[in-house]
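Let me begin by presenting the structure, written as structure tokens, before commenting on it.
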Amino acid sequence: MSHPDDGVLQELLDGELAAADEAAVRAHLASCAACTALLEELRVTQVEATSIVSRLELNPPLRRAAPRRTGLRRGNLRLLGLAASTVLVAGTSWLLLRTSPGASRALYRVGDSGANALLEMPPEERDQASAATPAPAAAPAVPTNTPAAADERKALADASPVVSGKDAPRPRRKEETAAPAANRPSDAVVAQSVPAPSLTVADAEARLGWKVRTIEGLTPQSVELVQVAPDSASGVRQRYQVGRAAVVLVQQAVASDEMISTRGGRADEAAGARPADGKPAGEALKRDRAQGLTAGKVAAGSIKPTRVWRSGGLRFELSGALPADSLDALMRRVR
Amino acid sequence: MTDVGALFQQYYEPLVRMLYRRTGDRDRAEDLAQETFARAVEAPPYNPRPWLFAVALNLVREEGRRSVRRGRHLELIRGESSASTPAADEEYIREEDRARVQRALAELSDRDREALLLKAEGFNYDEIAATLRMARGAIGTTLVRARRKLVDAYREEEKRHVAS
């Protein structure tokens, strides 16, 4: 046979040649010093490349979950043997949190306070909130001349108690301000929450033992502990009013390897992934979002934002009925 | 019927490792792996391993296209985490070496790099072809090219390191 090319020799090394081809190549190698030398070069390169890649090991290693029997099916997610914790996400989303073996097993569907707040508004307010425009991408208090930026600054100012005391008009509905988020139907399934008015950020810090971040320049309307069991607060949820929109900041202590999550709220980013089977991977998420939102007849584009990030052992989720850019601006003010 | 819980047990770690090698960022790798499994929950795959890795790699490429916005986001995380955990000398040296490997890997084309990383996870040629939608006959050549390039690029990185 003629000299096999690099690819064929590589296939030989990898044991990927069909038996007949392999026999032919080996017969050729027996009589061809050049190809034998090439094969050896490929082998050395392969060993070296493997060694280089292997330096990128996971360190520290991922903690492996204890083996368990699970039977997850579409529409029957409760069978997934993962315990849950609480995170608020815009749109429809899941957080599956694993806990130690023996811990209670449940999977909670997590609702969206921000979206609900919007759905609860009278139509005219909802329209205004939906029409809220993105903040400038730069520093939060950047003075610009666009009406959009002015609206955003005003919205932020409205939410600050320093400014909003008496004269700032705040046409919010009563339950918007008074009802602790724990009473919302969508939150009822999430976890047992401590009644909101009893807590301050300092209280929460005392209970949790770590510093609770807040959105700089704003004061939370309510602070609740996030609990998966009565005696174990794992995080804190703060609710802010930004203009007419409710914004929820959740922070939670997590081991980074203990979490699977999806962000329905990030469907704008999820769209377009296309796995090998040709089905758009973002499709399911988009569909979920649509289902969650069409009931309220709210324009889909007005609610999507959720921002998720992680810092040290804390996971943050910021969600709300604001345009994505406004939420980004708020995210940068989390201190 | 695919059992996503079992898939998670089996593939989460290899997926995170591959994504870490691909992106150089472990937090991102874990996020992307979680996102990938979340999608598997929504639409359980028929041929899971290529499916999971294909979705994960697509997410990486999508992310790349959004790099400007993402860059801001990652900066925030980096700034905070590096301040809180000063690395020991030994860890620093290992980290330097990992950075050299990452830079060397970055020299490869996306396709070559991905084929190489999938091979490192034990994929056979059929699986690599299915994951990357390549002709099976092209895999051998692709791997040869990828490995040579990686070894050369890494040697260059080492030379640079010794010289500096």
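Sequence lines set the chain letters: A, B, ... in the order given, protein chains first and strands last, and positions in each chain run from 1.
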task: Assert yes or no for the condition that the ring centre distance of B/Tyr11 to B/Phe37 is strictly below 6.0 Å.
output: no
Check ion pair A/Arg43-A/Glu48 (N to O, under 4.0 angstrom): no
query: If you tally heavy-atom pairs under 4.5 Å against chain A, which of B/Leu105, B/Val16, B/Leu143 wins?
result: B/Val16
- request: Report yes or no: do B/Arg17 and B/Tyr12 form a side-chain donor-acceptor pair below 3.5 Å?
  value: no
task: Examine whether an atom of B/Asp97 lies under 4.5 Å from a heavy atom of chain A, and if so say whether it belongs to the side chain, the backbone or both; otherwise answer neither.
output: side chain
task: Can you tell which part of B/Leu116 gets under 4.5 Å to a heavy atom of chain A, answering side chain, backbone, both or neither?
output: side chain
message: Which atoms of A/Thr50 are under 4.5 Å from chain B, going by heavy atoms: the side chain, the backbone, both sets, or neither?
response: neither
message: Could you tell me if the side chain of B/Pro45 sits less than 4.5 Å from the side chain of B/Leu7, heavy atoms only?
response: yes
Residue part contacting chain B, namely of A/Leu42, when any heavy atom lies under 4.5 Å: side chain
Residue-level interface, residues 107-114 of chain B with chain A, non-hydrogen cut-off under 4.5 Å: none
Under 4.5 Å from a heavy atom of chain A, the part of B/Tyr20 involved: side chain
query: What part of B/Leu52 gets closer than 4.5 Å to chain A, counting heavy atoms only: side chain, backbone, both or neither?
result: neither
- request: Please examine the side chains of A/Val334 and A/Gln251, heavy atoms only from C-beta on, and report whether any two atoms are closer than 4.5 Å.
  value: no
message: Side chains of A/Gln46 and A/Asp14: any donor to acceptor distance under 3.5 Å?
response: yes
query: Given that the side chain runs from C-beta out, which part of B/Arg22 has a heavy atom under 4.5 Å from chain A: side chain, backbone, both or neither?
result: neither
query: Do B/Arg145 and B/Thr141 meet the criterion of a side-chain donor-acceptor pair at a distance under 3.5 Å?
result: no
task: Salt-bridge test for B/Arg21 and A/Glu57: reply yes if a basic N is under 4.0 Å from a carboxylate O, no otherwise.
output: yes
- prompt: Taking C-beta and beyond as the side chain, do A/Gln10 and B/Arg147 meet within less than 4.5 Å on heavy atoms?
  reply: yes
task: Please examine the side chains of B/Met18 and B/Phe123, heavy atoms only from C-beta on, and report whether any two atoms are closer than 4.5 Å.
output: no
- request: Measure B/Leu117 against the heavy atoms of chain A and call it side chain, backbone, both or neither at under 4.5 Å.
  value: side chain
